[in-house]
Amino acid sequence: MRRFLKKHGGLLYVGALTLVVVLALMLSDEMPRVIESMSNLDARWMLRAALSITVYLLLRAATVQYYLWREGVRISPLNALNVTLIGQFYSAITPSASGGQPLQVLTMRQMGVPVSTATATVSVKFIGFQLAFMLTGGALWVTHIQAVNAQLKGVRYLVVVGYLINAALMVLVALTMRKSRAVERMVEGLVRLGARMRLVRDAEKTAAKALAALEDYRGALKRLVDRPFDALVIFLLSCLQVLFLMGVIVCVYRAFGLSGTSAGDLLTLQLLLFITAAFVPLPGAAGAQEGGFYLFFQGVFPARHILAAMLCWRFFTYYLLLLSGLVGVVVNSIRASLAGRRNGDDV
């Protein structure tokens, strides 16, 4: 049972929370209002929201394929998409999206990509996306300061905390670019802490693997710095990913037939919410994202629409990604099973 909960705990948490929300909604007085709001949605804008998520996934797959190509490794567009979908699924069901990268490395290894190259790929992709949403969020905050001040009067400190956490992560990334015993000691300390908490079985073996991964990570950063054109391409692809993912809120807003808030203001609030809630240590930042939506958009959506708007927005930005990722997981499992059968026949 302990092993089962460790493996599927994130998915069970998301499922249980979703069930609680659905039941609470069905038993509340809000259900008729939600049904009425959703019955009048503009299907064209809902389709655009789905298209926006699709383009976001394709851009992430393109980033994987581009970096591997520049490293001298070729995989098909479908394989790159499958790697992306698997990463989305495991990121959605693990705290702080921590499970996506290791499973992407494993999937690429099954495709014949060397582990060091696969590790570098997910590392570079993560760095590009991190920089993109930090810089884009900062730029939009400055250029749409009036909307931020009007909508986030009492919760701006949460955005600041989110930025500080993300900034600390970027500092940590910068520190890993040079070989430092202090960073290695920090990694070893985290492994020992995990061992004390019984999250790690073999501390010595885990520390060795973590340091090896750190070395791959460092190598990926150095190679990217030495190839500024590739760094620029990956950064631009990441900026597009951020805009298409965040653009869902514009589609949801318009689907309710609302106007008065500009697309720029909506993107700014959505991006700041993402920065604030991204590293909440729960699968999919569940609870923080929903609560944050009310805090950030209560002055944008009328009271009669805000619950329905939150449900629509969460479906596209989380559940649709989760379901798409599940397709990738199933496809990969079928392929692995068929490959195992062929190998058995050959034997």
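Hydrogens, waters and symmetry mates play no part in the numbers below; they use all other heavy atoms, side chains included.
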NZ or CZ of Arg60 within 45° of Phe129 ring axis and under 6.0 Å: yes

Side-chain H-bond candidate by donor/acceptor type, Gln151 with Asp265, under 3.5 Å: no

Pairwise side-chain contact, Leu135 with Phe235, heavy-atom cut-off 4.5 Å (strictly under): yes

Side-chain H-bond candidate by donor/acceptor type, Thr317 with Gln270, under 3.5 Å: no

Ring centre gap for Tyr253 and Phe297 strictly below 6.0 Å: no

Co-membership, hydrophobic cluster, residues Val122 and Val73, 4.5 Å side-chain: yes

Non-hydrogen side-chain atoms of Thr136 and Met246 separated by less than 4.5 Å: no

Test item: Ser52 side-chain N/O and Arg48 main-chain N/O as donor-acceptor pair under 3.5 Å: no

Ring centres under 6.0 angstrom apart (Tyr163, Trp141): yes

Ile306 side chain near Phe293 side chain, heavy-atom distance below 4.5 Å: yes

Side chain proximity check, Leu271 to Phe133, heavy atoms < 4.5 angstrom: yes

Nearest heavy-atom neighbours spanning Glu71 and Thr117: CB-CG2, 4.0 Å

Non-hydrogen side-chain atoms of Met310 and Tyr294 separated by less than 4.5 Å: yes

Phe256 and His305 aromatic ring geometry - parallel, tilted or perpendicular at 30°/60° bounds: tilted

Single-linkage hydrophobic cluster, 4.5 Å side-chain cutoff, Leu81 and Leu323 together: no

Test item: Tyr319 side-chain N/O and Arg314 main-chain N/O as donor-acceptor pair under 3.5 Å: no

